[in-house]
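In what follows, a single structure is set out as structure tokens and then discussed.
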Amino acid sequence: MALKLHNSLTRTKDEFKPLEEGRVGIYVCGPTVYGHAHLGHAKSYVSFDVLVRYLRYLGYRVTYVQNITDVGHLTDDADEGEDKIAKAAAKEHVHPMALAELYTRSYFEDMDKLNCVRPDISPRASGHIIEQIELVKTLLEKGYAYEVNGSVYFDVAKLKDYGKLSGRNIEEMVAGARVEPSPDKRNPVDFALWKKAEPNHIMQWPSPWGLGYPGWHLECSVMAMKYLGKTIDIHGGGLENQFPHHECEIAQSEAANGVPFVRFWLHNNMVTVDGQKMGKSLNNFITLKQAFAGDHERLNRYYEPLAVRQLILNSHYRSPLDFSDAALYAASSGYQRITEAVKAVRKHAKTAPSGGADKDILDQLDAAKAKFEEAMNDDLNTAVALSVLFDLVRLASKLTEDSGTTAETLGAVDQLFTQLGGDVLGIVQNEYIESVAASDEAVDKLAQILIAQRAEARKAKNFAQADAIRARLDEAGIVLEDKPDGTQWRWK
RNA sequence: GGCGGCGUAGCCAAGUGGUCCAAGGCGACGGUUUGCAAAACCGUUAUUCGUCGGUUCGAAUCCGACCGCCGCCUCCA
């Protein structure tokens, strides 16, 4: 069965075939780096990360491009308002490029924690001003754009199929326009390709039309075609960008090149928090750093980054996802269960007898793999794919409890965990660090003393004292677990 | 106002005409284990898919109405 992806352009699940045999080019709209990444970014980029990982699993050579928007994204999309980066930079009294750099690093840091593979290319909009000017020139030459007072606008009326992605038509949009159209525009739905810069605008570049800066939509068209060609296989982004951003990208690119811009448009759905749209004013705006630290009044505790990842994968990328402390807690518990199962398999494999892999188990693993692929082939049904991992957890527990299970059998289970749960879903790690972090060394020593004392008390059947030690450690946030090979501690 | 989507157990969530008298996870409950716990493991947990009506031999799945929620059109991934 072949991979099918829901294409926003056709509104159906279409069989995916790349333009060039065996190779795939993907462009995903990246962040505008004027603040720390939040839960919404996580859903979007984890979703596309899984797409990239799965395509590679299927054997494609994937080129993954995801831009960093560091200029041109205005606070108001009707081509008015301020540049988001410049506005935030002014507030923090730093140069816009310094601000962009700070949040770019922050973004990568968070995405690394979520175990998202780095894009092959992370182009910056500010690094492609020349190419953007060239595209504007082309559009002017071909008659799709016009210049007014040092700004250049795209003439939407010149493109008959404008609106094909979002299912809108120009008349409706003009009639329903809620913002006062700019007097420079011939048509209210026209959009800026190049904006004239006011003298106090820090980010500005010389152009044939005077000093200015590029319109937001321009960068994606330019960088996508520069690195992936005039027609790209897959373009991903958030649903909220379907219009106007992606529609404008199509308009610019197809007007300039005369060929289809994107073959598959993929849009991921939005995030809500406690059932409401996430917004700064609603006090439910949660950054990833806050989630990982538990530093938000909506959260009862901190959550491991991969637990957040698991919650995202638990639902479909085209469905909205409601974040709540309860949902995160549930995902976290499930994530721990998978993690413990993988660790147990690897641990047992080291001491298990050798003797070849169990044929029956191998068959079960093949069946699990087939079920996983079938789910992923169906427009990346990660919820079902994840359920296959839980099937493996159940199988693994049976095997690790049976002392007759061979190392080869356990090795095969580990391999599938690593491949499906690790390579594709990104929630199973290749290595788990068992040792206590260096900073906890002193705590570990103290805990060991108390654990030894408790062991003596238990030996003497002084359970009152033993329980008191355990209770007081619990108060300090340390949980004791009595395992067959001794007592271990962990943070609550 | 225009366009689009959603409503499945206590919670999250898959399924979109029969193989579903509905995956999986969390939680809860019962059990194994334990001195007792924790952790782990096993088992149980929706005669029903927002409401009402229709199409069909057959619907959670298609159609209509209604109720509720959400998104885009205006900054957002």
Side-chain angles (χ1 to χ4, degrees), chain A residues 8 11 28-32 34-35 37-48 73-78 80-82 84 87 163 166-169 171-173 175-179 189 216 236-245 267-272 275-280 285 310-311 313-316 318-324 326-338 340-341 344 371 375 378 381-391 393-394 397-398 400-401 458 461-464 466-467 470-471 474 479-484 487-490 492:
Chain A
S8 304
R11 292 166 182 77
V28 172
C29 282
T32 299
Y34 67 109
H38 51 67
L39 294 173
H41 293 100
K43 174 164 163 73
S44 182
Y45 299 123
V46 165
S47 299
F48 291 117
H73 197 170
L74 305 184
T75 55
D76 178 329
D77 213 28
E80 304 297 330
E82 300 170 74
K84 289 182 170 191
K87 187 183 174 187
S166 53
R168 290 154 207 263
N169 66 62
E171 295 74 40
E172 271 173 14
M173 287 187 289
R178 286 208 243 154
V179 280
V189 293
W216 175 40
L239 196 57
E240 82 291 343
N241 276 336
Q242 190 173 34
F243 185 88
H245 186 53
H267 289 97
N268 74 284
N269 217 312
M270 312 291 283
V271 158
T272 53
Q276 278 185 305
K277 176 177 170 166
M278 190 168 74
K280 281 179 176 151
F285 190 91
Q310 176 140 338
L311 175 59
L313 297 180
N314 189 230
S315 70
H316 192 89
R318 285 193 291 112
S319 301
L321 171 58
D322 187 35
F323 272 90
S324 63
L328 270 167
Y329 183 84
S332 182
S333 298
Y335 167 69
Q336 293 299 345
R337 206 174 133 211
I338 291 171
E340 292 306 320
K371 187 179 169 192
D378 184 16
N381 191 335
T382 52
V384 170
L386 201 54
S387 79
V388 173
L389 285 200
F390 284 105
D391 291 342
V393 168
R394 230 165 293 124
S397 70
K398 226 182 292 169
T400 51
E401 275 174 19
R458 290 176 72 201
K461 304 238 184 270
N462 186 353
F463 296 121
D467 291 350
R470 186 172 63 197
D474 186 81
V479 180
L480 298 188
E481 289 176 3
D482 295 332
K483 307 246 168 143
T487 301
Q488 289 180 358
W489 72 271
R490 63 175 170 84
K492 208 191 236 174

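In this text the structure is predicted, and so the values were computed from the model without any measurement. Labels below follow one simple rule: chain letters A, B, ... track the order of the sequence lines, proteins then strands, and each chain is numbered from 1.
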Quiz item: With sugar-phosphate meaning primed atoms plus P, OP1 and OP2, does N381(A) contact a base, only sugar-phosphate, or nothing at under 4.0 Å between heavy atoms?
Solution: sugar-phosphate
Quiz item: If you measure from the P atom in rC3(B) to the same atom in rG10(B), how many Å do you get, rounded?
Solution: 36 Å
Practice problem: Tell me what R394(A) touches on the nucleic acid: a base, only sugar-phosphate, or nothing, going by heavy atoms under 4.0 Å. | Solution: sugar-phosphate
Quiz item: What is the distance from atom CG of L328(A) to atom CG of L39(A), rounded to the nearest 0.5 Å?
Solution: 7.0 Å
Quiz item: With a 4.0 Å cut-off on heavy atoms, is D482(A) in touch with a base, just the backbone sugar-phosphate, or nothing at all?
Solution: base
Quiz prompt | Close side-chain approach of V479(A) and D474(A), heavy atoms under 4.5 Å | solution = yes
Quiz prompt | Sub-4.5 Å side-chain heavy-atom contact between R337(A) and F390(A) | solution = yes
Quiz item: Base, sugar-phosphate alone, or nothing: which one does L386(A) contact when heavy atoms must sit under 4.0 Å apart?
Solution: nothing
Exercise. Without swapping roles, check the side chain of N381(A) against the backbone of V384(A) for a donor-acceptor pair under 3.5 Å.
Key: yes
Quiz item: Is any side-chain heavy atom of T487(A) closer than 4.5 Å to a side-chain heavy atom of R470(A)?
Solution: no
Exercise. Hey, could you give me the OG/NZ distance between S319(A) and K43(A), rounded to the nearest 0.5 Å?
Key: 6.5 Å
Quiz item: What nucleic acid atoms does F390(A) come within less than 4.0 Å of, heavy atoms only: base, sugar-phosphate, or nothing?
Solution: sugar-phosphate
Exercise. Mind checking salt bridge (Lys or Arg N to Asp or Glu O under 4.0 Å) for D391(A) and listing every partner two or more places apart, or none if nothing turns up?
Key: K371(A), R394(A)
Quiz item: Within the structure, does a side-chain N or O atom of S319(A) lie under 4.0 Å from either OP1 or OP2 of rA14(B)?
Solution: yes
Self-check item: 5'-most by nearest nucleotide on RNA chain B - A331(A) or S397(A)
Solution: A331(A)
Quiz item: Between A341(A) and P320(A), which has a closest nucleotide on RNA chain B that is more 5'?
Solution: P320(A)
Exercise. Describe the nucleic acid contact of G40(A) in one word from base, sugar-phosphate, nothing, applying a heavy-atom distance below 4.0 Å.
Key: base
Quiz prompt | Candidates rA39(B), rA77(B), rA14(B) - which lies nearest the side chain of E481(A) | solution = rA39(B)
Practice problem: Give a yes/no on whether any side-chain N or O of S333(A) is located under 4.0 angstrom from OP1 or OP2 of rG27(B). | Solution: yes
Quiz item: Any donor-acceptor pair under 3.5 Å between the side chain of R490(A) and the base of rA39(B)?
Solution: no
Self-check item: Of the listed nucleotides rC73(B), rA14(B), rA77(B), the one nearest the side chain of T32(A)
Solution: rA77(B)
Quiz prompt | Contiguous Watson-Crick or G-U pair runs (3 or more, under 3.5 Å) in RNA chain B | solution = B:1-7 with B:67-73, B:10-12 with B:24-26, B:27-32 with B:40-45, B:50-54 with B:62-66
Quiz item: Which part of the nucleic acid, if any, lies within contact of V271(A), taking any heavy atom under 4.0 Å across all strands shown: a base, the sugar-phosphate backbone alone, or nothing?
Solution: base
Quiz prompt | C1' spacing across the pair rA60(B) / rC52(B), given as an integer number of angstrom | solution = 16 Å
Quiz item: Nearest to the side chain of R470(A) - rA13(B), rA38(B), rC36(B)?
Solution: rC36(B)
Practice problem: Determine the Euclidean distance between corresponding P atoms of rG43(B) and rU55(B); express it in Å to zero decimal places. | Solution: 44 Å
Quiz item: What interatomic distance, in whole Å, is found between P of rA65(B) and the corresponding atom of rU19(B)?
Solution: 29 Å
Quiz item: How far does the C1' atom of rA77(B) sit from the matching atom of rU32(B), given to the nearest Å?
Solution: 47 Å
Quiz item: Any idea which of rC36(B), rG24(B), rC41(B) is nearest the E401(A) side chain?
Solution: rC41(B)
Quiz item: Rounding to the closest angstrom, what is the interatomic distance between rC41(B) and rA46(B) at atom C1'?
Solution: 26 Å
Quiz prompt | Polar side-chain contact R337(A)-rC41(B) base: donor and acceptor under 3.5 Å | solution = no
Exercise. Between rA23(B), rG35(B), rC73(B), spot the one nearest the side chain of F243(A), thanks.
Key: rC73(B)
Quiz item: If you measure from the P atom in rC12(B) to the same atom in rG64(B), how many Å do you get, rounded?
Solution: 28 Å
Practice problem: Could you check whether the rings of F285(A) and H38(A) sit parallel, tilted or perpendicular, using 30° and 60° as the cut-offs? | Solution: perpendicular
Exercise. Using the P atom as the reference point in each nucleotide, state the distance between rU56(B) and rC63(B) in Å, no decimals.
Key: 16 Å
Quiz prompt | No-H, no-angle donor-acceptor pair, N269(A) side chain to rG5(B) base, under 3.5 Å | solution = no
Quiz item: Between atom NE2 of H267(A) and atom OG of S166(A), what is the distance when rounded to the nearest 0.5 Å?
Solution: 9.0 Å
Quiz item: Of all the choices, rA77(B), rG25(B), rC41(B), which nucleotide is nearest to the side chain of H41(A) once you look at every atom?
Solution: rA77(B)
